[in-house]
Student: 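Below is one structure. I have some questions about it.
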Amino acid sequence: MVIKGEDYIQRLAGYKREIYVRGENIENFVEHPNVRPAINAIAFTYDLALKKEEYSPFSELVGDKVNRLNYINKTPEDLIARLDYQRELSMRTGTCHYRCPGADAICSIYPATKEMDERLGTDYHQRFLSFLKEIQLKDYACTGALTDTKGDRSKRPKDARDMYVHVVEKRDDGIVVSGAKIHQSGAFAADINFVLPTQTFKEGEEEFAIAFAVTPEDEGIKYVLQSTGYQAMFREGGKFETGNFKYGDRLTCTVIFDNVFIPWQRVFVFEDLKANRHVLTNFAISHRCAGAACKAGFIDSMIGAASLMLKANGLEKVAALRQKLGEMVGVSEGAYGIAIGAATKGFDDYGVRQPNMLIANAGKVIGVEGFGKVLMNLAEIAGGIPVTAPSEFDLKNPEIGTLVDKYLQASPNFTTEQRLKIIKFIEFWATSSHLLGGIHGGGSPAAAIIFLQMLADIASKEDAVKEAIDLDK
Ligand SMILES: Cc1cc2nc3c(=O)[nH]c(=O)nc-3n(C[C@H](O)[C@H](O)[C@H](O)COP(=O)(O)OP(=O)(O)OC[C@H]3O[C@@H](n4cnc5c(N)ncnc54)[C@H](O)[C@@H]3O)c2cc1C
């Protein structure tokens, strides 16, 4: 089933959740100024899926149309449709749509549970399929929680047990888990949080090798929202002062699991090191591939903003600045092209189409470099005003407003308010959590580079050079 954004919001409003914003356990979280933009962004995923057929494919599992982000990809075309969906979402919302790690979790747990059942004769895959059926039927929004708080990074998990989500108790009807996941994109605004391992583990560390799902009924889960300066602006109100006022900053939280009971039906990997690695590897490549398409969408949004800024400043004919726009388009299409290449040259893993590992990881590295360059171009085009401008409150102030209006006017084709809206949107791109999100979301670049070093066939490249220069070595 595919539902409307409004249906998702109404369902969410019925959940009782412990959500903290700036030290306060908030009531009516759906209307909170820091939470609502993330909800709007997720709601947008529903509304866009209703508009385009390829974003709502037919699922044999439930015999109905389902959201592309809750679907098991089987072909390169499936993956490409997902990438297009994400690029469009990123461009139109200018922020994270939050359901991407959920999609990665679904397409990672599916093959890992299948492999595990074949190896061990267990029933993890059936459990997962029953749960996935419910997700698809109700059109749940899912997120993916991997990153543990980790504590002192020089220690192994068994020497820093509390810093990694782990099993506290094994019962007949399920397990009890404790720990915390940090940097969780939109987890508080989703129906389902998949919880996956943060890394591979060694023998003796089995208690951390777990994957499960939590639902709003589970007790002992606390969401503590990020508190960056940008969030304060949202609490101050205004119509457009925050720049991306509908969909907000890229909003994350720390999710604390305080002795949370998870029934076996929602435990998909339990103390199995091989399945742990399988889930993690697939998640990483899936997320890095999708991340490249998302970056293309974000860059598209920045290109739109940059172009509008040129017009609002009366600079749209300046060749040197237009060239900057062209460079931005090159980076966007390049990131998208890498994602499409990874999808096209991917592989089948127990019935799921996965992106090409090397290309997906290259998407992360090139995407991050490109993102930095694009932000520099945007800043150059925009001038200094995104970080120096007065506020919309000054513009509306009866004493100073007319003067602010007069002195901030540029091209006659734009009112000062219109220009200020573009300026605030660019401020959002330049100063919100997007840059760090782009760098570290989906794993830091270093993690992708380790994959690239491991996977690349450097010997064959050496051989090619030896042959070309007749090097007898
Ligand atoms: C905006 C945003 C959204 C995110 N969304 C999600 C999400 O939805 N779900 C999720 O699970 N995660 C999410 N992440 C987390 C992301 O995957 C992590 O930020 C990333 O894996 C790096 O972890 P860290 O930030 O804890 O860095 P740290 O562990 O603090 O590392 C800092 C730096 O040191 C390096 N480093 C760390 N330990 C070592 C070591 N032992 N040896 C060598 N180098 C090391 C890292 O590579 C990194 O460059 C998000 C992050 C951001 C910024």
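Remember, it's 1-based here, ligands and their atoms both numbered in the order they're listed.
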Student: If you compare all heavy atoms of Tyr71 against all heavy atoms of Gln136, which two are closest, and at what distance to 0.1 Å?
Tutor: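 Taking every non-hydrogen atom into account, CA-NE2, 4.0 Å.
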Student: For the ring pair Phe428 and Phe425, is the centre-to-centre distance below 6.0 Å?
Tutor: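 That pair passes the under 6.0 Å test.
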Student: Among all the protein's non-hydrogen atoms, which is closest to atom 7 (C) of ligand 1, and how far away is it?
Tutor: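 Going atom by atom, the protein heavy atom closest to atom 7 (C) of ligand 1 ends up being His183 O, 3.4 Å.
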Student: Could you tell me whether Gly441 and ligand 1 have an N or O pair separated by under 3.5 Å?
Tutor: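 Gly441 vs ligand 1: no N/O contact under 3.5 Å.
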Student: Which of these, Lys181, Arg153, Gln226, Lys155, has its nearest heavy atom closest to atom 38 (N) of ligand 1?
Tutor: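 Nearest heavy atom to atom 38 (N) of ligand 1 lies in Arg153.
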Student: Specify the closest pair of heavy atoms between Glu271 and Ile210, including all atoms of both residues, with the distance to one decimal.
Tutor: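 Smallest heavy-atom distance, with atoms named: N-CG2, 3.9 Å.
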Student: Please write down residue, atom name and distance for the protein heavy atom closest to atom 3 (C) of ligand 1.
Tutor: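 Ranked first by proximity to atom 3 (C) of ligand 1 is Ser185 OG, 3.3 Å.
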Student: Please table the atom pairs, donor to acceptor, closer than 3.5 Å between any side-chain atom in residues 33-41 and protein atoms at least two apart or in another chain.
Tutor:
{"residue": "Asn34", "atom": "OD1", "partner": "Arg235", "partner atom": "NH1", "Å": "2.7"}
{"residue": "Asn34", "atom": "ND2", "partner": "Gln231", "partner atom": "O", "Å": "3.0"}
{"residue": "Asn34", "atom": "ND2", "partner": "Gln231", "partner atom": "OE1", "Å": "3.0"}
{"residue": "Arg36", "atom": "NE", "partner": "Asn40", "partner atom": "OD1", "Å": "3.0"}
{"residue": "Arg36", "atom": "NH1", "partner": "Glu31", "partner atom": "OE2", "Å": "3.3"}
{"residue": "Asn40", "atom": "ND2", "partner": "Lys246", "partner atom": "O", "Å": "3.0"}

Student: As a test of the contact definition, would atom 40 (C) of ligand 1 count as having a protein heavy-atom neighbour under 4.0 Å?
Tutor: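 No, there is no protein heavy atom closer to it than 4.0 Å.
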Student: Quick test of your reading of the model: are Lys74 and Asp348 salt-bridged, counting only N-O distances below 4.0 Å?
Tutor: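 No, this pair does not count.
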Student: Would Arg92 pass as a cation-pi partner of Phe44, given that its NZ or CZ must be under 6.0 Å from the six-membered ring centre and within 45 degrees of the axis?
Tutor: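 No cation-pi geometry.
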Student: Quick one: which residue pairs count as a ring pair (Phe, Tyr, Trp, His ring centres under 6.0 Å) with a foot in residues 94-113, not counting sequence neighbours?
Tutor: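 Ring pair (Phe, Tyr, Trp, His ring centres under 6.0 Å) check on residues 94-113 returns Tyr110-His125.
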Student: Should one rank Gln184, Gln199, His440 by closest heavy-atom distance to atom 18 (C) of ligand 1, which comes out on top?
Tutor: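 Looking at heavy atoms only, the winner is His440.
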Student: Roughly how far, to the nearest 0.5 Å, is CZ of Phe208 from CZ of Arg161?
Tutor: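 Those atoms lie 6.5 Å apart.
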Student: Can you check atom 35 (C) of ligand 1: any protein non-hydrogen atom closer than 4.0 Å?
Tutor: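 When distances to the protein are checked, atom 35 (C) of ligand 1 has no heavy atom within 4.0 Å.
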Student: Is any heavy atom of the protein nearer than 4.0 Å to atom 22 (C) of ligand 1?
Tutor: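 Protein heavy atoms within 4.0 Å of atom 22 (C) of ligand 1 - there is at least one.
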Student: Please write down residue, atom name and distance for the protein heavy atom closest to atom 26 (O) of ligand 1.
Tutor: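 Atom 26 (O) of ligand 1 sits closest to the protein heavy atom Lys150 NZ, 2.9 Å.
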Student: Starting from atom 12 (N) of ligand 1, which protein heavy atom do you reach first, and at what distance in Å?
Tutor: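 Among all protein heavy atoms, the one nearest atom 12 (N) of ligand 1 is Thr147 OG1, 2.7 Å.
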Student: Which one of Gly442, Gly443, Gly437, Gly151 has a non-hydrogen atom at the shortest distance from atom 52 (C) of ligand 1?
Tutor: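 Ranked by closest heavy atom to atom 52 (C) of ligand 1, first place is Gly437.
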Student: Are any of the protein's heavy atoms under 4.0 angstrom from atom 10 (C) of ligand 1, yes or no?
Tutor: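 For atom 10 (C) of ligand 1 the answer is yes, since some protein heavy atom falls inside 4.0 Å.
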Student: Distance under 6.0 Å and angle within 45° of the ring axis: does Arg11 meet both against Tyr8?
Tutor: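 Judged by the rule, Arg11 and Tyr8 form no cation-pi pair.
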Student: Rounded to the nearest 0.5 Å, what separation is found between the NE2 atom of His166 and the CG atom of Asp148?
Tutor: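 His166 NE2 to Asp148 CG: 10.5 Å, rounded to 0.5 Å.
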Student: Give the residue and atom name of whichever protein heavy atom lies nearest to atom 48 (C) of ligand 1, and the separation in Å to one decimal.
Tutor: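 Protein heavy atom with the smallest distance to atom 48 (C) of ligand 1: Ser444 OG, 3.5 Å.
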Student: Is Ala145 in polar range of ligand 1, meaning some N or O pair under 3.5 Å apart?
Tutor: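 The answer is no, given that Ala145 and ligand 1 share no N or O pair closer than 3.5 Å.
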Student: Could you tell me whether atom 31 (O) of ligand 1 has at least one protein heavy atom nearer than 4.0 Å?
Tutor: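 When distances to the protein are checked, atom 31 (O) of ligand 1 has no heavy atom within 4.0 Å.
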Student: Any idea which atoms of ligand 1 are less than 4.0 Å away from a heavy-atom of Gly144?
Tutor: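 Answer, ordered by atom number: 7 (C), 8 (O), 9 (N), 10 (C), 11 (O).
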